[in-house]
2 protein chains.
Amino acid sequence: MAKGEARSRMVAGAVRLLAEKGLEGTSFAEVLAVTGGSRGSTYHHFPGGKNELIDAALDLAGAHASAALEAVRGRPASEVIAEFLALWRHLLAATELRAGCAVLAVTVAADEPDLLAHAGRIFHDWRDQLASLLVEGGLEPGRAPELAALTIAATEGAVALARAEKSWEPFDLVESFLVAETRRASS
Amino acid sequence: MAKGEARSRMVAGAVRLLAEKGLEGTSFAEVLAVTGGSRGSTYHHFPGGKNELIDAALDLAGAHASAALEAVRGRPASEVIAEFLALWRHLLAATELRAGCAVLAVTVAADEPDLLAHAGRIFHDWRDQLASLLVEGGLEPGRAPELAALTIAATEGAVALARAEKSWEPFDLVESFLVAETRRASS
DNA sequence: ACGTGACTATGCAGGTTTGCATAGTTTTCG
DNA sequence: CGAAAACTATGCAAACCTGCATAGTCACGT
């Protein structure tokens with residue numbers, strides 16, 4: 001195995017487990033059962049213990065969405081919003097509505113203030129980045145922070161509702177509203 | 001102590017702990033530390049174990065919001081939306097942005113399908129009830145399911161973002177948009 | 001008064017989790 | 001080649017959780 005690959009696989013596995021089973025369901029034992037690593041090397045890869053694993057997973061999840069958004073910089077605002085929703089649609093589809101957002105999972109179960117603050121930074125970064133993309137996509141600058149916050153909040157909630165209800169309906173309704181509203185506001 | 005009071009107190013304590021510490025943070029030990037009951041009587045009050053406690057907590061949390069909504073039946077749609085948001089604003093204010101939604105906490109951490117389905121039923125009931133209130137409040141019936149789903153999803157997300165960022169900004173932005181949009185759509 | 005059901009008090013068993021120790025193996029690089 | 005660094009393998013301790021057992025106490029109704 002290449003250098004550091006075991007660590008990377010564990011971090012990716014932690015993101016998946018956070019999304020599907022929540023923070024407490026993301027134990028080292030579960031992560032290793034998914035990634036196949038060795039129990040004894042956990043504190044070699046993560047001297048900071050579980051918090052270091054979760055921190056790395058939050059960064060990976062945050063960077064994943066951030067990179068996907070950056071790929072549509074310059075496109076019309078409604079396409080930017082559609083891309084953000086497509087990210088979550090793919091996650092729901094790939095897991096048959098079983099997975100949600102890893103950052104949200106940490107937010108609602110965080111026992112340590114550090115983890116909660118880390119999740120908060122990622123949400124804040126997403127809002128800033130999305131607002132900037134919306135402005136570049138033709139949205140009136142004064143409305144961008146509002147629509148960015150609404151989109152992220154509504155999408156996170158819609159993913160959770162779809163998971164719990166085991167139905168695409170909440171997600172579909174929220175998606176069509178957000179895309180239509182953005183089109184109206186940026187035309 | 002009156003008959004059944006210990007049980008009721010434990011259920012209420014479970015709602016608070018779910019909102020602040022998530023599903024796994026809501027252990028019998030934690031609940032009893034908050035409500036003051038006795039460890040030995042847990043399986044007297046809850047023969048079904050922890051799942052019975054969480055089920056009861058979900059019902060209480062669901063009924064609480066449902067009753068508050070029912071109290072504004074007949075009022076204009078924008079006031080109905082404002083009331084729903086006020087529910088969560090009070091929770092955030094009372095806990096200095098530390099608590100969130102108990103139903104969402106179960107959704108993202110549920111290990112048992114039964115608990116997830118129970119959370120889903122509550123979300124679905126909220127959507128149905130809110131849509132009906134919006135129609136009675138003057139909203140065009142075709143738009144009610146969409147606006148109900150958007151409001152619940154966006155509010156759940158906004159509460160989570162506000163908690164994580166320790167800032168009222170996401171909640172304020174989402175609230176002002178939803179109220180304004182409802183006013184536009186129902187005038 | 002008395003019995004029954006509701007409740008308390010204490011404790012235990014089996015499992016899981018984190019964090020670490022100790023020893024052995026593989027990889028990498030000079 | 002040879003040594004250092006990276007990694008594996010196994011296991012252990014302290015803490016926690018759930019679920020239950022056992023015994024004792026209180027309250028209420030008849």
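Reckoned from all heavy atoms, side chains included, excluding hydrogens, waters and symmetry mates. Below, chains carry the letters A, B, ... as their sequence lines are ordered, and counting in each starts from 1.
Relative orientation of the B:W126 and B:F84 rings is perpendicular, given thresholds of 30° and 60° on the angle between their planes.
Here the side chain of B:S38 is nearest to one of D:dT18, C:dT8, C:dG19, namely C:dT8. Nearest to the side-chain atoms of A:K50 among the listed nucleotides C:dC7, D:dC17, C:dG19 stands C:dG19. Checking C:dT18, D:dG19, D:dC17 against the side-chain heavy atoms of A:F28 singles out C:dT18 as nearest. Closest to the A:H44 side chain, of the nucleotides C:dT8, D:dG19, D:dC7, is D:dC7.
Within the nucleic acid shown, A:G40 comes within 4.0 Å of at least one base atom, counting heavy atoms only.
Atom pair A:K21:NZ and C:dT17:C1' shows a separation of 15 Å (rounding to whole Å applied). Following rounding to the nearest Å, A:D111 (CG) and D:dA15 (P) show an atom-to-atom distance of 18 Å. Protein atom CG of A:L53 is 14 Å distant from nucleotide atom C1' of C:dT17, rounded to whole Å. Rounded to whole Å, the distance from CD on A:E24 to P on D:dA15 is 18 Å. Summarising the geometry, the separation between CG on A:L32 and P on D:dC7 is reported as 14 Å, rounded to the nearest angstrom. The interatomic distance linking B:E52 (CD) with D:dT18 (P) rounds to 14 Å, in whole Å. Computed from coordinates, the A:F46 CZ to D:dT8 P distance equals 12 Å when rounded to whole Å.
A:T26 and A:L18 make their closest contact through OG1-N, 3.2 Å (heavy atoms, listed as atom of the first residue, atom of the second, distance). Residues A:L91 and A:G100 approach most closely at CD2-O, 3.0 Å, considering heavy atoms. The two residues B:A144 and B:L139 have their closest heavy-atom pair at CA-CD2, 3.5 Å.
When each of B:E30 and B:T42 is assigned the nucleotide of DNA chain D bearing its nearest heavy atom, the one mapping closer to the 5' terminus is B:E30. Annotation: of the two residues near DNA chain C, B:R39 and A:Y43, the 5′-most nearest-nucleotide partner is B:R39.
Residue A:H45 places at least one side-chain N or O under 4.0 Å from the OP1 or OP2 atom of D:dT8. For the OP1/OP2 pair of C:dT8 and a distance below 4.0 Å, the side-chain nitrogens and oxygens of B:S41 include at least one atom meeting the criterion.
No side-chain heavy atom of B:R127 sits under 4.5 Å from any side-chain heavy atom of B:P145.
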